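In what follows, a single structure is set out as structure tokens and then discussed.
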Amino acid sequence: MVVASHHLCYILLVGRSTLLPNPNSTFVTEFLFEGFSSFGWQHRLVFFVVFLTLYLLTLSGNMIIVTIIHLDRHLHTPMYFFLSMLSLSETCYTVAIIPRMLAGLLDPHQPIAIQGCATQLFFYLTFGINNCFLLMTMGYDRYVAICNPLRYSVIMGKTACVQLASGSLGISLVMAIVQVTSVFGLPFCDVFVISHFFCDVRPLLKLACTDTTVNEIINFVVSVCVLVLPMGLVFISYVLIISTILKIASAEGRKKAFATCASHLTVVIIHYGCASIIYLKPKSQSSLGQDRLISVTYTVITPLLNPVVYSLRNKEVRDALCRAIGQKPLSP
């Protein structure tokens, strides 16, 4: 009788659960995010205002980039086509994460159904992986433009650009499905608090009540395919690009060639750098608190860098923006 009462109390504490055939465990149907719940409401309110501001700036910045590229015929080139695709992908990526995070800052005790968690993870992975491959594609575009300029219009035709963008999204969808199926094929028992502010692979694997070795291997293989391979190809592209630029006779020509790559290279370093720290470091060195801090960087701050870097450092985008608002293009 005492045991039964104790077990009933435990179920009431866990709530949000239904019994498995094993009477000593419960099957979790909802999760809670630990998120920023350790902070007082004053700190959470400050975070809410800061993150909401950054989120609105990201949405408006990316939408301005997409609109300007669509309307200005001077920007109807492969480089800006891929930039508009990246801006759209970044927008979807932030929409998948930040609104829920903002709601959690106001009320840290909002549960998320396991189906909702799987949906969030799917869209987060899809657009996060898509960003990685789009950045790689943009690196290839810069390589062709600088190292093989005479054939640029042939190699990077409209059909090729659409195929590259579609291929990037297709690969992302497949990898996201593999990851989500792998994670949510596991049983989650008793513990339902996710030590993060959104549904991510590693925090979810820590909650599974079975051996996750195979799932961790799948996660590592996907991470290598998404981060190491694109990073390697981008690195090779820039080695060839820099060697070609250094052969340009005029200083003005070298400066112009470097300028077309600077914005892309800045975004690449920050994007791949933050993601690599999270997903490629050994499990033994994984700190959930540190991971959360870095996650804030690449889910809130990094998406904002795309429109900021490309608008402030890119003269063609600045000139197009000036034309759109009826002003003369800025002088160099």
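Note that the coordinates shown come from a computational prediction; the quantities given were computed from them, not determined experimentally.
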**Study point:** Nearest heavy-atom neighbours spanning Ser195 and Glu34
**Key:** OG-OE1, 3.3 Å
Exercise for review: Decide whether Val234 and Ile236 are clustered together by the hydrophobic rule: side chain heavy atoms of Ile, Leu, Val, Met, Phe, Trp, Tyr closer than 4.5 Å, transitively.
Suggested key: yes
Exercise for review: Sequence neighbours left out, what pairs pass salt bridge (charged side-chain N to carboxylate O under 4.0 Å, His left out) with at least one residue falling in residues 223-235?
Suggested key: none
Check your understanding: Under 6.0 Å from the OH atom of Tyr238, do we count more than 12 heavy atoms belonging to anything else shown?
Key -> yes
Review point. Would a distance-only check, ignoring hydrogens and angles, find a side-chain to backbone donor-acceptor pair under 3.5 Å from Asn130 to Ser172?
Key: no
Exercise for review: Spell out, yes or no, whether Leu229 and Ile171 are grouped together once hydrophobic residues are joined by side-chain heavy atoms under 4.5 Å, including indirect joins.
Suggested key: no
Review point. Which atom names give the shortest non-hydrogen contact between Met156 and Val144, and what distance separates them?
Key: CG-CG1, 4.2 Å
Practice item. Return yes when atom NE2 of His76 has more than 12 non-hydrogen atoms of other residues, nucleotides or ligands closer than 6.0 Å, and no otherwise. Key: yes
Exercise for review: Return the orientation label for the Phe31 and Phe188 ring planes: parallel under 30°, perpendicular over 60°, tilted otherwise.
Suggested key: perpendicular
Exercise for review: Classify the ring geometry between Phe39 and Phe36 as parallel (under 30°), tilted (30 to 60°) or perpendicular (over 60°).
Suggested key: tilted
Check your understanding: Applying the 4.5 Å side-chain criterion to the ILVMFWY set and letting contacts propagate, would Leu204 and Val221 be lumped into a single cluster?
Key -> no
Check your understanding: Passes side chain to side chain contact (heavy atoms under 4.5 Å, CB included), Thr299 versus Thr94? Steps please.
Key -> CA-CA 6 Å; Thr299 56; Thr94 55; over 6 Å; no
Study note, to complete from the structure: Contacts satisfying disulfide (SG to SG under 2.5 Å) that involve residues 60-118 (not counting sequence neighbours) are Cys117-Cys199
Check your understanding: What orientation do His196 and Phe198 show, parallel under 30°, tilted 30 to 60°, or perpendicular over 60°?
Key -> tilted
Point to revise | Co-membership, hydrophobic cluster, residues Leu240 and Leu135, 4.5 Å side-chain | key: yes
Check your understanding: Within the side chain of Gln120, is there an N or O that forms a donor-acceptor pair under 3.5 Å with the backbone of Ala96?
Key -> yes
Point to revise | Joint cluster assignment, Ile242 & Leu233, ILVMFWY side-chain distance < 4.5 Å | key: yes
Revision key, fill the gap. All heavy atoms of Pro230 vs all of Cys225, minimum pair found to be CD-O, 3.1 Å
Review point. Between Leu86 and Met138, does a side chain to side chain contact (heavy atoms under 4.5 Å, CB included) hold up when you go through it step by step?
Key: CA-CA 9 Å; Leu86 180 62; Met138 292 170 77; 3.9 Å; yes
Point to revise | side-chain hydrogen bond (donor to acceptor under 3.5 Å, both in side chains) assessment of Asn148 paired with Tyr143 | key: CA-CA 7 Å; Asn148 203 347; Tyr143 160 74; over 6 Å; no
Review point. CD1/Ile69 to CG/Leu75 distance, rounded to the nearest 0.5 angstrom?
Key: 6.0 Å
Review point. Does anything in residues 60-74 pair up under salt bridge (charged side-chain N to carboxylate O under 4.0 Å, His left out), and if so which pairs, sequence neighbours excluded?
Key: Asp72-Arg323
Review point. Taking atom CZ of Phe48 as the centre, does the number of heavy atoms from other residues, nucleotides or ligands within less than 6.0 Å exceed 12?
Key: yes
Point to revise | Exercise: identify the closest heavy-atom pair between Val193 and Leu207 | key: O-CD2, 3.5 Å
